[in-house]
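In what follows, a single structure is set out as structure tokens and then discussed.
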2 protein chains.
Amino acid sequence: MRADAQSRPVRADAQRNRARILAAAEEVFADGGPRASTEEVARRAGVAIGTVFRHFPTKTDLLRALMKQLLEQVTADAAALLAHGDTATALFEFFAQLVRRTAANRTVVSLLGAEGLDVPIAGPVTSLTDAVRELLARGQRAGAIRADVRLDEVMALLESLCQGALQRGWDEDLRERTLGIVFAGLRTPVSSRS
Amino acid sequence: MRADAQSRPVRADAQRNRARILAAAEEVFADGGPRASTEEVARRAGVAIGTVFRHFPTKTDLLRALMKQLLEQVTADAAALLAHGDTATALFEFFAQLVRRTAANRTVVSLLGAEGLDVPIAGPVTSLTDAVRELLARGQRAGAIRADVRLDEVMALLESLCQGALQRGWDEDLRERTLGIVFAGLRTPVSSRS
DNA sequence: GGACAAGATGAGTCTCCACTCATTATCGTC
DNA sequence: GACGATAATGAGTGGAGACTCATCTTGTCC
């Protein structure tokens, strides 16, 4: 494996460590949030702290790498639903999936507009937005989602519910019921409107 | 003004400073979040740092005092609506009011289940919850809100939307439209359900 | 299996921030 | 206006955590 045509290959131990660090960071930040220390990540990865900083020169870089990885997974979920899901309800399924994933992974908090630390992630967000746009359009074409619902509203709800799902005291049941209300608001009503 | 039957009055400068500190803290934490430094609060209050700590022995105490103050305002809003508002839509009005207030005041983030720091505020939350319970019950009795909506769901939505409203890029317009969707989900449908 | 560059190590630095305390200033009272 | 209690001051302390770097180790290539 060559990193570049005129450079040497990336050493095997370096690749291994990079992977270990990412995995450890996922766990550590999952419970503890982005305020958890880099030292803790190093400890859980079984690596010295200098090694973490060799791979990710800044804590923000590490967070960004995690974000990117998660966004890719989530975007893949969306793509799968676009390919195989029921057109009418694919958006709801995706919505529920994302919130569920977030609930299990505090780091995603910063997903669409970081909070405590600044974690710029412009690129990956775009593809997620694209996927949601398509999911929304299909639901609307199928008549399942109100025609006047806009993309930014869906993204805003997604963001809000992901944030909410992180709070203490949200169990799975409450999460599903709350999502149910939001979905009812998105769904095409038979007649009443205001 | 006597603090207690057998103690001396609270000195005028002390009262003044306490008020100044609270006001400054509101501003400072409003932009900067709860991670803003106590030193900054002191500076904006025009007071030495030791004075801040005399009034609020701990940063958490200061945050808690702010929370309490805000919860009292919000609970007062709810009480006003209970007394004079339109029964059917009072909950929606209150909901919108609270989210709006939050958008202008980052500190409220930690309102119903603190994030970064731990800011226990058991008592004041109870009275807020009570007010929302009553608002919800009235809306349901009036037939404006679905009968199967539960209090914890409303609180969860409130929490989520307040969190969401803090994100960058939420302007007033988006906020109102997003709330509109949630309200549609809470409203009694004329016929369709799923 | 030797040479050497890439990588790992972890004690140490630096900065930031919550919190303390000896000293000084101010208020309320007589 | 003097006196004692209360409060304000701000340099200082302690600890946490991001980041560095001189030194040692290991993988890769011939």
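The chains referred to below are lettered A, B, ... by the order of the sequence lines, with proteins before strands, and numbering in each begins at 1.
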* With respect to the side chain of K59(A), which nucleotide from dC19(D), dC19(C), dT9(D) is positioned closest? ->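 Closest of the options to the side chain of K59(A): dC19(D).
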
* Structure fact -> Ranking dA18(D), dC19(C), dG7(C) by distance to the side chain of F53(B), first place goes to dC19(C)

* To do: Output yes when at least one side-chain N/O atom of T38(A) is less than 4.0 Å from OP1 or OP2 of dA18(D), else no.
  =>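 So the side chain of T38(A) is within the cut-off, an N or O lying under 4.0 Å from OP1 or OP2 of dA18(D).
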
* Does dA7(D) have OP1 or OP2 sitting under 4.0 Å from an N or O in the side chain of N17(B)? -> no

Can you give me the N/O atom pairs linking the protein to nucleotides 11-13 of chain C at distances under 3.5 Å, or say none if there are none?
none

* Asked: In chain order, what residues pass the salt bridge (charged side-chain N to carboxylate O under 4.0 Å, His left out) check against D152(A), with sequence neighbours excluded?
  ->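 By the salt bridge (charged side-chain N to carboxylate O under 4.0 Å, His left out) rule, D152(A) matches R177(B).
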
* Asked: Got V182(B) and L157(A) here, is their nearest side-chain heavy-atom distance under 4.5 Å?
  -> yes

* Asked: Restricting to pairs with a member in residues 75-85 of chain B, which pass salt bridge (charged side-chain N to carboxylate O under 4.0 Å, His left out), not counting sequence neighbours?
  ->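 Passing the test, one end in residues 75-85 of chain B: D77(B)-R101(B).
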
* F92(B): ring pair (Phe, Tyr, Trp, His ring centres under 6.0 Å) partners, not counting sequence neighbours -> F183(B)

* Structure fact -> Sorted by position of nearest nucleotide on DNA chain D, 5' first, the leading residue of T58(A) and R54(B) is R54(B)

* **Contact nearer the 5' end of DNA chain C, comparing S37(B) with A12(B)** => S37(B)

* **Pairwise 5' ranking along DNA chain C for R16(B) and H55(A), keeping only the more 5' one** => H55(A)

* Looking at every strand, decide which applies to T51(A) at a 4.0 Å heavy-atom threshold: base, sugar-phosphate, or nothing. => base

* At under 4.0 Å between heavy atoms, what does A36(B) touch on the DNA or RNA strands: base, sugar-phosphate, or nothing? -> sugar-phosphate

* **Interatomic distance where CZ belongs to R43(A) and C1' belongs to dG17(D) [whole Å]** => 12 Å

* To do: State which residues pass side-chain contact (heavy atoms from CB on, under 4.5 Å) with A144(B); sequence neighbours excluded, sorted by chain then number.
  => A88(B)

Show every donor-acceptor pair shorter than 3.5 Å between a side-chain atom in residues 93-100 of chain B and any protein atom, with sequence neighbours excluded, or say none if there are none.
none

